[in-house]
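Below: one structure, written as structure tokens.
In what follows, residues are counted from 1 in the order of the sequence shown. Atoms within a ligand are numbered from 1 in the order they appear, just like the ligands themselves. On a predicted model such as this, the values are computed, not experimentally measured, just so you know.
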Amino acid sequence: MALRHLERHRTDRIGWLRAAVLGANDGIVSTASLVLGVAAANASHGNVMIAGIAGLVAGAMSMAAGEYVSVRSQADSEQAALNLERKELETDDAGEHRELTAIYVERGLAPALAKQVAEQLMAHDALGAHARDELGISATLSARPIQAALTSAASFAIGAALPLAAVAMASESGLIPVVSASSLVFLAILGGLAARVGGANVTTGAMRVTFWGALAMALTAGVGTLFGTVA
Ligand SMILES: [Zn+2]
């Protein structure tokens, strides 16, 4: 029991860390790309900074809203499925026993044993057994939409602050090389960190994140150069 408790907490922590690293990653890529795009269109240092700050706020709010809506709608649909299941258990007990038995047979139990497992689990906690094994909802899963929204917004803002700090420190002429180089370094570190937390290869993780970041920055800077020449 204690071991299961510990394990669940570890996966919770990894999920949380993963979300934070992904948020910071988004913050770096989108803000660095935005800043480079505006700078490539020959904007002044001050205007590049304003665009970057606006991008930080817009991105953080968009992450918060997206995360809140996603967690809430997931919780709503799980609740609706549980309500339906509860009603089915009240009205069709025999049918629900057959349903759960069939699920265990499909997973490899002999029919007689599957029937016995279904009976014992349903005698213990019928709704819990159906939630887990039929709907795939873990009973302990409690969605925290506000917390998820704040975590996403904060991690995005922290990521976005890195290229903005580079903008603040760079001269107008050195802005593009300084922002792109420092952002790629931040991305490589973050990608490596994320891979390490998840137990994956650090070099592969760092290279993957850096590649997509470089692509995003190059494309936005290209568009900025194009429109900067036209305007
Ligand atoms: Zn059921």
Side-chain angles (χ1 to χ4, degrees), residues 1-27 59-156 191 193-201 204-205 208-209 212:
M1 206 57 191
L3 188 72
R4 253 191 63 195
H5 193 67
L6 199 75
E7 254 171 33
R8 192 166 62 75
H9 272 264
R10 234 185 80 202
T11 47
D12 275 358
R13 197 167 59 95
I14 289 174
W16 182 87
L17 243 158
R18 207 180 114 81
V21 167
L22 284 177
N25 200 78
D26 275 2
M61 285 313 296
S62 148
M63 293 284 286
E67 195 64 25
Y68 181 85
V69 168
S70 140
V71 173
R72 272 307 292 263
S73 55
Q74 170 81 11
D76 284 351
S77 60
E78 284 184 359
Q79 201 53 55
L82 279 178
N83 288 341
L84 187 68
E85 195 63 39
R86 195 176 285 120
K87 197 171 285 173
E88 283 174 2
L89 284 167
E90 279 164 14
T91 52
D92 183 17
D93 187 63
E96 289 298 305
H97 270 89
R98 277 197 302 275
E99 185 184 55
L100 202 57
T101 303
I103 288 170
Y104 297 140
V105 168
E106 202 175 300
R107 287 190 194 165
L109 294 189
L113 181 59
K115 189 164 181 287
Q116 203 184 351
V117 170
E119 270 166 10
Q120 291 197 7
L121 285 178
M122 281 180 73
H124 173 66
D125 174 14
L127 185 62
H130 281 260
R132 252 187 345 262
D133 294 335
E134 183 193 344
L135 306 173
I137 301 172
S138 108
T140 50
L141 194 89
S142 58
R144 298 202 197 108
I146 294 284
Q147 197 192 43
L150 289 178
T151 306
S152 291
S155 54
F156 182 95
L193 198 75
R196 202 190 161 83
V197 168
N201 186 291
T204 314
R208 197 180 289 147
V209 172
W212 285 103

Quick check for you: to the nearest 0.5 Å, what is the distance between [X] atom [atom1] and [Y] atom [atom2]?
X: E96; Y: L100; atom1: CD; atom2: CG; answer: 8.5 Å
X: I103; Y: L109; atom1: CD1; atom2: CG; answer: 11.5 Å
X: I146; Y: E67; atom1: CD1; atom2: CD; answer: 11.5 Å

Next item on the list: Could you tell me the angle subtended at the Zn ion (ligand 1) by OE1 of E99 and OE2 of E85, rounded to 10°?
Entry: 160°
Next item on the list: Report, rounded to 10°, the angle at the Zn ion (ligand 1) between the two atoms OE1 (E96) and OE1 (E134).
Entry: 170°
Margin query: If the test is side-chain contact (heavy atoms from CB on, under 4.5 Å), which one of E88, R86, E85 qualifies with H130?
Written below: E85
Checklist line | the Zn ion (ligand 1) - name of the N/O/S atom of H130 that sits closest to it | finding: ND1
